[in-house]
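Here is the naming used below: chain letters follow the sequence lines, and residue numbers restart at 1 for every chain.
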Number of protein chains: 2
Amino acid sequence: MAEVTPTTRDGSASARIAEAVRRAILSGEHQPGERIVQEELAERYGGSRIPVREALRQLESEGLVRLVANTGAWVQSLTMAQCSEVYQTRERLEPLLLRHSAEHLTDEVIHTLDGLAQKMEASDDIEEFLELDRQFHFATYRAEGTYVLRDLVTRLWNTTQPYRRAYTGLVDQEHMRIFHDDHHMLVSALRDGDMKLAEQIVAIHIRRTRVNLERHPEIFPDTDPDQE
Amino acid sequence: MAEVTPTTRDGSASARIAEAVRRAILSGEHQPGERIVQEELAERYGGSRIPVREALRQLESEGLVRLVANTGAWVQSLTMAQCSEVYQTRERLEPLLLRHSAEHLTDEVIHTLDGLAQKMEASDDIEEFLELDRQFHFATYRAEGTYVLRDLVTRLWNTTQPYRRAYTGLVDQEHMRIFHDDHHMLVSALRDGDMKLAEQIVAIHIRRTRVNLERHPEIFPDTDPDQE
DNA sequence: GGTGGACTGATTGCATCCAGTATGGTGCTT
DNA sequence: AAGCACCATACTGGATGCAATCAGTCCACC
């Protein structure tokens with residue numbers, strides 16, 4: 001999986017564990033709402049509970065894990081409203097990030113994008129599809145120099161990953177067709193260097209996905225047990 | 001100081017320390033680039049280094065602290081480019097947050113806003129000014145139910161606080177006049193229920209501050225020692 | 001039979017202790 | 001005198017162990 005880590009600066013155990021748990025959550029190995037026991041992670045990744053706890057703190061700050069004092073940790077689950085909120089945030093931020101990336105989108109990058117878009121269209125495996133989709137969009141986000149915005153967007157993608165997975169399993173041919181069309185249109189706009197259009201396409205693409213997600217309340221938890 | 005905590009869910013030592021250090025950074029007690037020694041914090045807040053380390057991990061994730069493995073922790077410092085990036089992000093997000101808050105902006109809230117705007121105009125103390133400014137804007141952000149977006153905005157405010165402080169000390173009468181006018185116009189638009197205008201004012205207000213900040217490169221660190 | 005309370009097992013939170021690593025200073029070499 | 005290597009010190013990273021807290025269960029009582 002690519003582009004999963006928002007902010008890792010050291011190679012210590014706690015960072016390693018944070019990365020591993022993050023991947024486990026994003027890959028669907030740990031489902032939203034699932035309990036996380038410190039000692040299990042410690043044993044699994046070979047260490048004591050100390051680095052595990054630090055990793056969980058970090059993941060909590062990233063919105064992937066929910067900690068309750070003296071009680072435990074759970075994989076964060078979002079209500080539909082919260083998920084929608086994240087998507088609305090992405091609608092605003094990703095066009096901005098794309099704009100910052102404009103100068104780095106060389107012919108070579110665009111060629112890669114084209115390849116990814118086609119490969120995605122040929123894919124019939126959900127996990128592969130999700131991974132390609134992620135690679136595609138982040139390939140367009142190459143803003144360099146500073147990383148605040150890309151980190152932010154990465155986190156937003158991460159927190160909504162489980163619902164993207166659930167939704168992808170439900171989507172019909174017609175919507176999938178439109179989804180792929182968006183990608184091809186984006187590649188085309190970028191090839192023409194029409195950044196204004198590209199930004200609009202990204203915003204619409206995200207919004208389209210959000211609206212579709214909102215049509216499937218069944219993939220979200222029924223009640224929202226006061227998880228602030 | 002109000003509205004400082006983005007995501008605190010427990011009352012344990014590590015959460016208490018995180019809160020205290022966060023406040024110390026935001027209040028200017030700890031300057032960007034300043035070294036943070038775990039043991040000093042442990043002694044100061046009464047505890048061992050374990051909860052201190054967890055607190056630092058959390059603050060790192062919030063962008064207030066920078067950790068380097070086996071070396072130490074520093075108060076995060078931003079380059080001008082990074083600071084500008086945060087402001088551009090705010091330009092996109094705060095109007096969205098304001099829109100979500102619309103239904104909660106009762107007459108009473110607007111009266112409070114008006115009071116804050118006037119009090120700010122009368123203030124000649126930088127710290128008081130900064131605090132009032134924060135209170136003013138967050139009083140307009142009352143979106144309830146979900147908190148992702150408000151947490152995000154809180155974090156963005158937090159990471160740029162030191163530079164807002166430095167800039168406030170430099171600003172001249174003319175710019176200050178415009179700054180206050182923005183606030184009064186915002187109150188007026190909210191009073192009229194003209195949310196579209198209100199959103200525009202917020203965006204312009206943030207952009208104006210960003211542009212002014214960019215005119216003062218001297219408040220940012222000269223070099224940017226590869227702090228990713 | 002249902003409800004309330006006490007107990008027990010499991011798990012978290014934290015402190016102490018030890019090992020590993022980076023930094024700064026000193027002395028030696030060229 | 002300048003540069004380099006080495007060493008000592010201070011700090012961080014992690015493991016173990018103990019106290020505190022929560023959840024789930026069983027039993028008594030209504």
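Of all non-hydrogen atoms in Leu116(B) and Ala139(B), the two that sit nearest each other are CD1-CB, 4.4 Å. Scanning all heavy atoms of the two residues, the minimum distance from Leu97(B) to Arg150(B) falls at CD2-CA, 4.0 Å.
The aromatic rings of Trp157(A) and His137(A) are tilted relative to each other, their planes meeting at an angle between 30° and 60°. The aromatic rings of Phe220(B) and Tyr163(B) sit parallel, their planes meeting at an angle under 30°, below the 60° perpendicular limit. Aromatic ring pairs are classed by plane angle as parallel below 30°, tilted from 30° to 60° and perpendicular above 60°; the pair Phe179(A) and Phe129(A) is tilted.
Between the P atom of dT9(D) and the CD atom of Glu39(B) lies a distance of 17 Å, rounded to the nearest Å. The separation between Glu54(A) atom CD and dT12(D) atom C1' is 10 Å, rounded to whole Å. In this structure, the CG atom of Leu67(A) is 15 Å from the P atom of dC22(D), given to the nearest Å. Note: CD (Gln38(A)) to P (dC22(D)) measures 15 Å, nearest angstrom. To the nearest angstrom, P of dA10(C) lies 13 Å from CD of Glu40(A). Glu43(A) has its CD atom 13 Å from the P atom of dT12(C), to the nearest Å. Spacing between atom CZ of Arg35(B) and atom C1' of dG24(C) amounts to 13 Å, rounded to whole angstrom units. Atom CZ of Arg66(A) is separated from atom P of dT12(C) by 15 Å (rounded to the nearest Å).
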Please list, for nucleotides 15-20 of chain D, all pairs of protein and nucleotide N/O atoms separated by less than 3.5 Å.
unit_1  : atom_1 : unit_2   : atom_2 : d
dA15(D) : OP2    : Ser48(A) : N      : 2.7
dA15(D) : OP2    : Ser48(A) : OG     : 2.9

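Note on Arg53(B): every side-chain N or O is 4.0 Å or more away from OP1 and OP2 of dC14(C).
When side chains are defined from C-beta on, Ile36(A) counts as touching Leu56(A), because their heavy atoms get closer than 4.5 Å.
The residue Ile36(A) sits close only to the backbone: its heavy atoms come under 4.0 Å of sugar-phosphate atoms, none of a base.
In terms of position along DNA chain D, the nucleotide closest to Gly72(B) lies nearer the 5' end than the nucleotide closest to the other residue of the pair Thr71(A) and Gly72(B).
Residue pairs satisfying the ring-ring contact (aromatic ring centres under 6.0 Å, His included) criterion with at least one member in residues 67-102 of chain B, sequence neighbours excluded, are absent.
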